[in-house]
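To start, the structure under review is shown below, and the notes come after it.
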There are 2 protein chains.
Amino acid sequence: MPSDLGHALLGLLARRPSTGYELARRMQRPVGFFWTAGHSQVYPELARLEDDGLVEHDEVPGRGPLPTKRYRPTAAGLDALRTWVVADLAPQPVRDLEVLRLWSLWVVEPEAAAGLVERVRAGHAERLAAYEADLASLAGDPAALEPDSPAFASRLTLEGGRLTRRAALEWCDLMLAELRRPR
Amino acid sequence: MPSDLGHALLGLLARRPSTGYELARRMQRPVGFFWTAGHSQVYPELARLEDDGLVEHDEVPGRGPLPTKRYRPTAAGLDALRTWVVADLAPQPVRDLEVLRLWSLWVVEPEAAAGLVERVRAGHAERLAAYEADLASLAGDPAALEPDSPAFASRLTLEGGRLTRRAALEWCDLMLAELRRPR
DNA sequence: GCCTCATATGTCGACTGTGACATATCGGGC
DNA sequence: GCCCGATATGTCACAGTCGACATATGAGGC
């Protein structure tokens, strides 16, 4: 039973075989849009997946001090991924530091509060731009319309990011209007 | 320097003095909408905050085996909260298990994928209902319009939840339409 | 009278996640 | 010729989180 991180790695490898180093980079982007991991998590997790027979590797020429290993999922690994994707999932607790701060917005002056909201808004705008850039690069790809293609799933998750970030921007504008309403 | 959890507790106590037990409940709802903690986290964190002089307590009659302590923030605690609210914050990494699964949606049959999306949609709908219930209970409160009132910050965060969950529902409907489009 | 639930505080071990440390090579710019 | 950054794999210590364990009382239902 791999962890969530293990399934994230299986999801990456199902799209394309990779070395641990490449996986760590792919965990920053595009997967980092909704799940992140550093290389110090990736390497031990790959070893566990291999122990469980869910991935296998061969060695390729590389530039590191240790042998460079290229991993790919086994048939059992793909099965585990398919099972996990549609398995029951508990209601997900939200963990959002920005909203936690906004919840205590009333303790500071409206002026300072508006400054905070501006910064939060900028973060959402930046993310929205990243989503739209990635969506644009998928726009011409006919595979993005086929439900059994990775590009299809990529497009849908990016659409989700776009919709939620747009809503977040709308929310920030609402807050700014209220904080700056003359009183 | 308290942790994020410590600031969350200060934010709760700034609204209303509470016992550790009450704080643990309040961390499930309403704060649990965007940050959760169990009582096993709350008690040690309260002790740390008291060591740092940010909260203080008196003992009140109670039904537990140990003395029941009611905590309130000190002046230093309120200062720490105000400072933290508007402090610089690093871009927040997203960590969303549902989206991580959806990103591997392409490995399963569209039928099964649609089932997953239906369940995700139901979770969003449930949360949206909770936000709207809490918003309704604030609707008649004139304090919810005053930026220096806790009710004001509560209302804004709930509005944010409403907007983002509505966007999530819209997204789920989009995915369902694509997965069930005849081919 | 008894059982159960809510009140109430706390500890402990397991797991996860983060950043720093360690090591070594190849390619490109100065 | 030299330094730097990217490639490449791994370990370790620390902090945060979560569920289980431990304990004890008062209130209400049966």
Side-chain angles (χ1 to χ4, degrees), chain A residues 1-9 12 17-29 31-32 34-52 55 57-71 90-97 100, chain B residues 1-9 12-13 17-29 31-32 34-52 55 57-71 89-97 100:
Chain A
M1 281 292 176
S3 62
D4 294 327
L5 172 61
H7 287 109
L9 295 178
L12 280 164
S18 296
T19 67
Y21 185 82
E22 289 165 346
L23 288 172
R25 266 189 317 175
R26 294 172 71 193
M27 286 302 294
Q28 306 305 318
R29 174 168 183 165
V31 192
F34 39 88
W35 199 272
T36 58
H39 75 274
S40 65
Q41 275 175 281
V42 168
Y43 289 116
E45 187 62 35
L46 277 174
R48 272 190 291 271
L49 290 173
E50 190 150 47
D51 280 347
D52 294 347
V55 302
H57 78 267
D58 47 12
E59 297 189 359
V60 296
R63 272 135 293 172
L66 300 172
T68 299
K69 304 174 193 168
R70 182 167 305 275
Y71 288 88
Q92 287 303 297
V94 180
R95 200 165 201 79
D96 190 323
L97 196 51
L100 183 61
Chain B
M1 283 293 177
S3 63
D4 294 327
L5 173 61
H7 287 109
L9 296 178
L12 280 164
L13 293 175
S18 296
T19 68
Y21 185 82
E22 287 165 347
L23 288 172
R25 266 189 316 175
R26 295 171 71 191
M27 287 302 295
Q28 306 305 316
R29 176 168 182 166
V31 191
F34 40 86
W35 198 272
T36 59
H39 76 275
S40 66
Q41 277 175 276
V42 169
Y43 289 116
E45 187 62 35
L46 277 174
R48 273 188 291 271
L49 291 174
E50 189 150 47
D51 280 347
D52 294 347
V55 301
H57 77 267
D58 48 12
E59 297 190 358
V60 295
R63 270 136 294 175
L66 299 173
T68 298
K69 305 174 194 168
R70 183 167 304 274
Y71 288 87
L89 79 172
Q92 285 305 296
V94 180
R95 197 165 203 81
D96 190 322
L97 196 51
L100 183 61

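Chain letters run A, B, ... following the sequence lines, proteins first, then strands; residues in each count from 1. Please read these numbers as outputs of a predicted model, since none were measured by experiment.
Across all strands shown, Arg95(B) has heavy atoms under 4.0 Å from sugar-phosphate atoms exclusively, and none from any base. Thr19(A) comes within 4.0 angstrom of sugar-phosphate atoms only, judged by non-hydrogen atoms across all strands, and of no base. Gly38(A) comes within 4.0 angstrom of no nucleic acid atom, judged by non-hydrogen atoms across all strands.
Picking from dG10(C), dG10(D), dC18(D) the nucleotide with the shortest atom distance to the side chain of Tyr43(B) gives dG10(C). Set against dA6(C), dC18(D), dG10(C), the side chain of Tyr21(B) has dA6(C) as its closest nucleotide. Distance from the side chain of Tyr71(B) is smallest to dG10(C) among dG10(C), dT18(C), dG10(D). In the set dA8(D), dT9(D), dC12(C), the nucleotide with an atom closest to the side chain of Leu66(A) is dT9(D).
For Arg26(A) and dT7(D), the CZ to C1' distance is 17 Å, given to the nearest whole Å. Spacing between atom CG of Leu46(A) and atom P of dG10(D) amounts to 9 Å, rounded to whole angstrom units. In this structure, Trp35(B) places its CH2 atom 14 Å from C1' of dC18(D), rounding to the nearest Å. To the nearest angstrom, C1' of dG16(D) lies 13 Å from CD of Gln41(A). Atoms CZ (Arg48(A)) and P (dC15(C)) sit 10 Å apart, rounded to a whole Å. Atom CG of Leu100(A) and atom P of dG16(D) are 15 Å apart (whole Å). Taking atom CD of residue Gln28(A) and atom C1' of nucleotide dA6(D), one finds them 15 Å apart after rounding to whole Å. In this entry the distance linking CD of Glu45(A) with P of dT16(C) reads 8 Å, nearest Å.
When atom types are taken as modelled, the side chain of Gln28(A) and the backbone of Ala37(A) share a donor-acceptor pair closer than 3.5 angstrom.
Taken to the nearest 0.5 Å, the CG atom of Leu5(B) stands 8.5 Å off from the CG atom of Leu46(B). In this structure, OG on Ser18(B) lies 4.0 Å from CZ on Arg26(B), to the nearest 0.5 angstrom.
Along DNA chain C, the nucleotide nearest Arg25(B) and the nucleotide nearest Ser3(A) are compared for position; the residue whose nucleotide lies closer to the 5' end is Arg25(B). Nucleotides of DNA chain C nearest to Leu5(A) and Gly20(B) differ in position, and the one nearer the 5' end is that of Gly20(B).
Of all heavy-atom pairs spanning Pro17(B) and Glu22(B), the tightest one is O-OE1, 4.4 Å. Minimum interatomic distance between Val42(A) and Leu9(A) (heavy atoms only, all atoms of both residues): O-CD1, 4.2 Å. When all heavy atoms are compared, the tightest approach of Leu49(B) to Gly6(B) is CD1-O, 3.8 Å. The two residues Asp96(A) and Trp35(B) come nearest to each other via the heavy atoms N-CE3, 3.9 Å.
Between Met27(A) and Leu12(A), the closest side-chain pair of non-hydrogen atoms falls below 4.5 Å.
The base of dG10(C) does not come close enough to the side chain of Ser40(B) for any donor and acceptor atom to sit less than 3.5 Å apart.
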Hey, what are the protein-to-nucleotides 22-26 of chain D N/O distances that come in under 3.5 Å?
residue: dT25(D); atom: O2; partner: Arg63(B); partner atom: O; Å: 3.2

